[in-house]
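Side-chain atoms are counted along with the backbone in the values below, which use heavy atoms only and exclude waters and symmetry mates. All values derive from a computational prediction rather than experimental measurement.
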Amino acid sequence: MFSSSAVASVNRASPVQASLVAPFSGLKSVSSMPATQKNNKDITSIASNGGRVQCMQVWPPRGLKKFETLSYLPDLTETQLLKEIDYLLVKGWVPCLEFEVGPAFVYRENHRSPGYYDGRYWTMWKLPMFGCTDAAQVVAEVEEAKKAYPDAHVRIIGFDNKRQVQCISFIAYKPK
(Lines give C-alpha, C1' and ligand atoms only; values in the text may rest on other atoms or scores of the structure.)
Protein backbone atom coordinates (compact mmCIF):
# COMPACT_ATOMS: atom_id res chain seq x y z
CA MET A 1 0.00 0.00 0.00
CA PHE A 2 1.30 3.46 -0.90
CA SER A 3 1.03 6.43 1.41
CA SER A 4 -0.83 9.49 0.15
CA SER A 5 2.33 11.63 0.44
CA ALA A 6 4.23 9.23 -1.89
CA VAL A 7 1.43 9.41 -4.45
CA ALA A 8 1.26 13.19 -4.19
CA SER A 9 5.00 13.51 -4.79
CA VAL A 10 4.75 11.39 -7.91
CA ASN A 11 1.86 13.43 -9.29
CA ARG A 12 3.61 16.75 -8.71
CA ALA A 13 6.18 17.23 -11.43
CA SER A 14 8.07 20.36 -12.19
CA PRO A 15 7.54 22.01 -15.61
CA VAL A 16 11.03 20.86 -16.67
CA GLN A 17 10.24 17.22 -15.87
CA ALA A 18 6.90 17.41 -17.66
CA SER A 19 8.50 18.65 -20.87
CA LEU A 20 11.08 15.83 -21.00
CA VAL A 21 8.69 13.05 -22.00
CA ALA A 22 5.59 13.61 -24.08
CA PRO A 23 2.49 11.96 -22.66
CA PHE A 24 0.97 9.04 -24.58
CA SER A 25 -1.80 10.38 -26.74
CA GLY A 26 -3.01 7.12 -28.27
CA LEU A 27 -2.77 5.80 -31.78
CA LYS A 28 -2.65 8.17 -34.71
CA SER A 29 -5.83 8.78 -36.59
CA VAL A 30 -6.24 7.04 -39.93
CA SER A 31 -7.59 10.28 -41.40
CA SER A 32 -4.14 11.90 -41.07
CA MET A 33 -2.56 9.18 -43.21
CA PRO A 34 -2.55 9.58 -47.01
CA ALA A 35 -5.07 7.45 -48.83
CA THR A 36 -3.33 4.67 -50.72
CA GLN A 37 -5.98 2.31 -51.92
CA LYS A 38 -4.66 -0.43 -54.21
CA ASN A 39 -7.05 -1.83 -56.72
CA ASN A 40 -5.06 -4.91 -57.71
CA LYS A 41 -5.63 -8.09 -55.76
CA ASP A 42 -2.13 -9.49 -56.30
CA ILE A 43 -1.10 -11.22 -53.06
CA THR A 44 2.59 -10.42 -53.61
CA SER A 45 1.88 -6.71 -53.26
CA ILE A 46 0.38 -7.08 -49.77
CA ALA A 47 3.63 -7.72 -47.91
CA SER A 48 6.48 -5.30 -48.14
CA ASN A 49 9.98 -5.27 -46.76
CA GLY A 50 11.03 -2.17 -48.65
CA GLY A 51 11.70 -4.05 -51.86
CA ARG A 52 9.80 -6.17 -54.28
CA VAL A 53 8.31 -9.25 -52.67
CA GLN A 54 7.86 -12.40 -54.68
CA CYS A 55 6.35 -15.70 -53.65
CA MET A 56 8.99 -18.38 -53.39
CA GLN A 57 8.46 -22.10 -53.54
CA VAL A 58 9.36 -23.96 -50.38
CA TRP A 59 12.15 -26.52 -50.76
CA PRO A 60 10.61 -29.88 -51.72
CA PRO A 61 10.92 -32.38 -48.86
CA ARG A 62 11.62 -35.44 -51.01
CA GLY A 63 14.65 -36.24 -53.10
CA LEU A 64 16.71 -33.10 -52.49
CA LYS A 65 18.72 -33.47 -49.29
CA LYS A 66 20.40 -30.56 -47.59
CA PHE A 67 23.93 -31.08 -46.37
CA GLU A 68 25.49 -28.09 -44.65
CA THR A 69 26.76 -24.59 -45.32
CA LEU A 70 25.84 -23.28 -48.79
CA SER A 71 23.84 -26.42 -49.63
CA TYR A 72 20.68 -24.39 -50.12
CA LEU A 73 22.36 -22.61 -53.04
CA PRO A 74 22.96 -24.01 -56.52
CA ASP A 75 26.21 -25.91 -56.98
CA LEU A 76 29.27 -23.65 -56.81
CA THR A 77 31.00 -22.79 -60.07
CA GLU A 78 34.78 -23.18 -60.29
CA THR A 79 35.22 -19.42 -59.73
CA GLN A 80 32.92 -19.43 -56.69
CA LEU A 81 34.69 -22.49 -55.30
CA LEU A 82 38.07 -20.75 -55.67
CA LYS A 83 36.71 -17.68 -53.84
CA GLU A 84 35.43 -19.81 -50.93
CA ILE A 85 38.79 -21.55 -50.67
CA ASP A 86 40.61 -18.21 -50.85
CA TYR A 87 38.41 -17.00 -47.99
CA LEU A 88 39.42 -19.86 -45.72
CA LEU A 89 43.08 -19.44 -46.67
CA VAL A 90 42.99 -15.68 -45.95
CA LYS A 91 41.53 -16.47 -42.51
CA GLY A 92 44.56 -18.70 -41.87
CA TRP A 93 42.54 -21.92 -41.69
CA VAL A 94 43.96 -25.24 -42.83
CA PRO A 95 42.04 -26.80 -45.75
CA CYS A 96 41.17 -30.47 -45.57
CA LEU A 97 39.11 -32.65 -47.92
CA GLU A 98 36.67 -35.34 -46.85
CA PHE A 99 34.56 -37.68 -48.94
CA GLU A 100 31.59 -39.99 -48.40
CA VAL A 101 30.72 -42.82 -50.78
CA GLY A 102 27.41 -43.78 -49.14
CA PRO A 103 24.62 -41.43 -48.11
CA ALA A 104 26.24 -38.05 -47.52
CA PHE A 105 23.58 -36.79 -45.14
CA VAL A 106 22.93 -37.54 -41.48
CA TYR A 107 20.63 -40.53 -40.99
CA ARG A 108 19.78 -43.23 -38.43
CA GLU A 109 20.46 -46.87 -39.18
CA ASN A 110 22.50 -48.64 -36.53
CA HIS A 111 21.15 -47.21 -33.31
CA ARG A 112 18.02 -45.42 -32.09
CA SER A 113 19.31 -43.68 -28.97
CA PRO A 114 18.99 -39.89 -28.75
CA GLY A 115 21.95 -38.00 -30.15
CA TYR A 116 23.31 -40.91 -32.19
CA TYR A 117 23.34 -40.49 -35.95
CA ASP A 118 25.13 -42.26 -38.76
CA GLY A 119 26.76 -40.28 -41.55
CA ARG A 120 28.22 -37.53 -39.37
CA TYR A 121 31.83 -38.49 -39.94
CA TRP A 122 33.28 -38.68 -43.43
CA THR A 123 36.54 -40.24 -44.57
CA MET A 124 39.46 -37.81 -44.76
CA TRP A 125 41.10 -37.49 -48.18
CA LYS A 126 44.84 -37.57 -47.47
CA LEU A 127 46.16 -35.38 -44.65
CA PRO A 128 45.09 -31.79 -43.97
CA MET A 129 46.86 -29.36 -46.29
CA PHE A 130 49.09 -27.63 -43.74
CA GLY A 131 50.99 -24.72 -45.27
CA CYS A 132 48.71 -24.48 -48.31
CA THR A 133 48.55 -20.94 -49.66
CA ASP A 134 46.99 -21.44 -53.09
CA ALA A 135 43.35 -22.29 -53.78
CA ALA A 136 44.38 -24.05 -57.00
CA GLN A 137 46.17 -26.71 -54.92
CA VAL A 138 42.94 -27.47 -53.07
CA VAL A 139 40.91 -27.62 -56.30
CA ALA A 140 43.52 -30.02 -57.75
CA GLU A 141 42.98 -32.29 -54.73
CA VAL A 142 39.20 -32.09 -55.23
CA GLU A 143 39.67 -33.19 -58.86
CA GLU A 144 41.90 -36.05 -57.73
CA ALA A 145 39.30 -37.19 -55.19
CA LYS A 146 36.58 -37.01 -57.86
CA LYS A 147 38.66 -39.25 -60.16
CA ALA A 148 39.29 -41.78 -57.41
CA TYR A 149 35.67 -41.81 -56.15
CA PRO A 150 33.33 -40.48 -58.87
CA ASP A 151 30.23 -41.58 -56.94
CA ALA A 152 31.24 -39.84 -53.69
CA HIS A 153 30.40 -36.46 -52.23
CA VAL A 154 33.46 -34.31 -51.54
CA ARG A 155 33.54 -31.49 -49.03
CA ILE A 156 36.15 -28.96 -48.04
CA ILE A 157 36.58 -28.06 -44.40
CA GLY A 158 38.73 -25.38 -42.82
CA PHE A 159 40.37 -25.90 -39.44
CA ASP A 160 41.65 -23.18 -37.18
CA ASN A 161 44.77 -24.80 -35.76
CA LYS A 162 45.08 -22.18 -32.99
CA ARG A 163 41.59 -22.64 -31.56
CA GLN A 164 41.46 -26.34 -32.57
CA VAL A 165 38.04 -26.04 -34.18
CA GLN A 166 36.46 -26.56 -37.57
CA CYS A 167 35.42 -23.13 -38.85
CA ILE A 168 33.99 -23.79 -42.30
CA SER A 169 32.62 -26.74 -44.23
CA PHE A 170 30.94 -26.87 -47.62
CA ILE A 171 30.23 -29.36 -50.38
CA ALA A 172 32.70 -29.07 -53.26
CA TYR A 173 31.30 -31.91 -55.41
CA LYS A 174 28.02 -33.81 -55.57
CA PRO A 175 27.76 -36.83 -57.87
CA LYS A 176 25.00 -36.70 -60.45
Can you check whether [X] reaches [Y] side chain to side chain, under 4.5 Å on heavy atoms?
X	Y	result
F170	E84	yes
L89	T133	no
Q166	W93	no
L97	R155	no

Self-check item: D151 side, atom CG; K146 side, atom NZ - distance, nearest 0.5 Å
Solution: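 The distance works out to 13.5 Å.
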Quiz item: Out of curiosity, M129 CE to E141 CD, how far, rounded to the nearest 0.5 Å?
Solution: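 So the gap between those two atoms works out to 5.0 Å.
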Exercise. Go through the steps to decide whether E144 and K147 satisfy the test salt bridge (charged side-chain N to carboxylate O under 4.0 Å, His left out), and finish with yes or no.
Key: CA-CA 5 Å; E144 196 174 324; K147 278 187 217 169; over 6 Å; no
Quiz item: Taking only residues two or more places apart in sequence or in another chain, which ones pass salt bridge (charged side-chain N to carboxylate O under 4.0 Å, His left out) with K91?
Solution: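 Residues passing salt bridge (charged side-chain N to carboxylate O under 4.0 Å, His left out) with K91: none at all.
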Exercise. Kindly determine whether D75 and K176 satisfy salt bridge (charged side-chain N to carboxylate O under 4.0 Å, His left out), including the steps that lead there.
Key: CA-CA 11 Å; D75 293 343; K176 300 298 179 210; 3.4 Å; yes
If you take all heavy atoms of [X] and [Y], which pair is closest and at what distance?
X	Y	value
K126	M124	O-CG, 3.2 Å
P95	C132	CG-CB, 4.1 Å
C96	F159	CB-CE1, 4.1 Å
A135	L82	CB-CD2, 3.7 Å

Quiz item: Which residues satisfy the side-chain contact (heavy atoms from CB on, under 4.5 Å) test with F99, sequence neighbours excluded?
Solution: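 So F99 forms a side-chain contact (heavy atoms from CB on, under 4.5 Å) with V101, T123, W125, Y149, A152, V154.
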Quiz prompt | Listed partners of T79 passing side-chain contact (heavy atoms from CB on, under 4.5 Å), at least two apart | solution =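 For T79 the side-chain contact (heavy atoms from CB on, under 4.5 Å) partners, ignoring immediate neighbours, are T77, K83.
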Quiz prompt | Stepwise side-chain contact (heavy atoms from CB on, under 4.5 Å) check, H153 with W122 | solution = CA-CA 10 Å; H153 287 74; W122 292 21; 3.8 Å; yes
Exercise. Only one of I168, V138, I171 passes side chain to side chain contact (heavy atoms under 4.5 Å, CB included) with I156; say which it is.
Key: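 Running side chain to side chain contact (heavy atoms under 4.5 Å, CB included) over I168, V138, I171 with I156 returns exactly one hit, V138.
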